[in-house]
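Quick notes on the structure that follows.
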2 protein chains.
Amino acid sequence: MAFSKKSEFTKEDIWLADIAKVLSHPARIRILKLLNSMDSCMVGNIVDQLPLSQSTVSQHLKELKRLDLIEGEIDGPKVCYCINSKTLARAKKELDKLFSLICNC
Amino acid sequence: MAFSKKSEFTKEDIWLADIAKVLSHPARIRILKLLNSMDSCMVGNIVDQLPLSQSTVSQHLKELKRLDLIEGEIDGPKVCYCINSKTLARAKKELDKLFSLICNC
DNA sequence: ATTGTATATCGTAAATATACGATCATATAC
DNA sequence: GTATATGATCGTATATTTACGATATACAAT
């Protein structure tokens, strides 16, 4: 493509699309579920649960962090990730708005 | 990448990720909103409302149709698209399940 | 200081997505 | 029949995503 036309849409639609994009890989959905179910949220534990290399998981974590869906806390040489409920709640609200608009559900 | 690892996740996560992927472009979000607000749902009307060429819009419609989020009905030389509420309701339900899992919201 | 452990980043290859113009197929109108 | 209109598909260029191994960084322990 010559260049992306995404910027020609509304800010709201772009943000929702961006959130959807972060959720558009099963690894990232899995990671979000894991972060909420595990006692520990170290990267190593996440890597162990996924069929992906450490570097690939790190990339997925970066994407989740970029959209503020998760937060990382440095703990010595380790990093502990956790869900950012605030952003997720906002995402849920906006998705609800979209669905109520387009299909009354 | 050598090849995608998406198939190594659960069917549920893959389906949700696929739905999210369809929603991951502002043009497709805009199209869904338009289909519900316009009297007519002809392709031409949709093209008029988007900053994209006819062929690009057709590609986006194909994606929405692939996941069964919309349905097309042939009307002479025209095609009328409409929302498939059933699939959207299922998507909403699965997204709700995900959000309640990961952030109690 | 050295060694080990945990994670991020870099470089890179292949897959997929985005976008367009051109063309094709089909239905209507003449 | 031919022309016109609508929308899908093809071909193609570029951008982005996905994935990995290798390397770098940062801290901890010895």
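Naming convention: chains lettered A, B, ... in sequence-line order (proteins, then strands); numbering from 1 in each chain. Note that the structure is predicted; figures quoted are calculated from it, not measured.
Within the 4.0 Å cut-off from OP1 or OP2 of C:dC20, at least one side-chain nitrogen or oxygen of B:Thr56 is found. OP1 and OP2 of C:dA6 both lie 4.0 Å or more from every side-chain N or O belonging to A:Tyr81.
Between A:Leu61 and A:Ile70 there is a side-chain heavy-atom pair separated by less than 4.5 Å. Side-chain atoms of A:Ile19 and A:Glu94, non-hydrogen and from C-beta on, never get closer than 4.5 Å to each other.
Distance, B:Lys21 NZ to C:dA17 C1': 9 Å, rounded to whole Å. Summarising the geometry, the separation between CG on B:Leu23 and C1' on C:dA17 is reported as 16 Å, rounded to the nearest angstrom. For the pair B:Ile31 CD1 and C:dA19 P, the computed distance is 11 Å after rounding to whole Å. Nucleotide D:dT17 holds its C1' atom 15 Å from the CG atom of B:Asp18, rounded to whole Å. One atom, NZ of B:Lys62, and another, P of D:dA8, lie 10 Å apart when rounded to the nearest Å. Rounded to an integer number of Å, the gap from CD of B:Glu8 to P of D:dT18 is 15 Å. If you measure from atom CD1 of A:Ile29 to atom C1' of D:dT18, you get 16 Å, rounded to the nearest angstrom. Between A:Lys5 atom NZ and C:dG21 atom C1' there is a gap of 13 Å when expressed in whole angstrom units.
Among A:Leu32, A:Leu64, A:Leu67, the single residue meeting the side chain to side chain contact (heavy atoms under 4.5 Å, CB included) criterion with A:Leu23 is A:Leu32.
Here the side chain of B:Met42 is nearest to one of C:dA6, C:dT18, D:dG7, namely D:dG7. When each of C:dT9, C:dA17, D:dG7 is scored by its nearest atom to the side-chain atoms of A:Ser58, the top-ranked nucleotide is C:dT9. Taking the side chain of A:Pro77 as heavy atoms from C-beta on, and the options D:dC27, C:dT16, C:dA8, the nearest nucleotide is D:dC27. Between D:dT6, D:dA19, C:dA22, one nucleotide has an atom nearer to the side chain of A:Leu52 than all others, and that is D:dA19. For A:Val43, the side-chain atoms get nearest to C:dT7 when compared with the rest of D:dA8, D:dT17, C:dT7. In this structure, the nucleotide among D:dG7, D:dT6, C:dA19 sitting nearest to the side chain of B:His60 is C:dA19. In this structure, of C:dC20, D:dT18, C:dT18, it is C:dT18 that holds the atom nearest to the side chain of B:Arg28. Nearest nucleotide to the B:His25 side chain, out of D:dT9, C:dT18, D:dA28: C:dT18. Comparing C:dT18, C:dA8, D:dG21 by their nearest atom to the side chain of A:Lys6 picks out C:dT18.
In this structure, A:His25 and B:Phe9 have perpendicular ring planes: the angle between them is above 60°, well past the 30° mark.
Sorted by first then second residue, the ring pair (Phe, Tyr, Trp, His ring centres under 6.0 Å) pairs that include residues 82-105 of chain B, not counting sequence neighbours, number zero.
When the nearest nucleotides of DNA chain C are assigned to A:Gly44 and B:Arg66 by heavy-atom distance, the more 5′-ward of the two goes with A:Gly44. DNA chain D is contacted by both A:Gln54 and A:Ala27; A:Ala27 maps to the nucleotide lying nearer its 5′ end (nearest heavy atom per residue). Toward the 5′ end of DNA chain D lies the nearest nucleotide of B:Lys78, the other residue of the pair B:Lys78 and A:Ser24 mapping further downstream. Mapped onto DNA chain C by nearest heavy atom, B:Gly76 and B:Glu63 fall at different nucleotides, with B:Glu63 at the one closer to the 5' end.
Few gaps surround NZ on B:Lys33; more than 12 heavy atoms of other groups in view lie less than 6.0 Å from it.
Residue B:Gln59 is in base contact, counting any heavy-atom pair closer than 4.0 Å across all strands shown. Using a 4.0 Å heavy-atom distance criterion, B:Ile74 is classed as making no nucleic acid contact.
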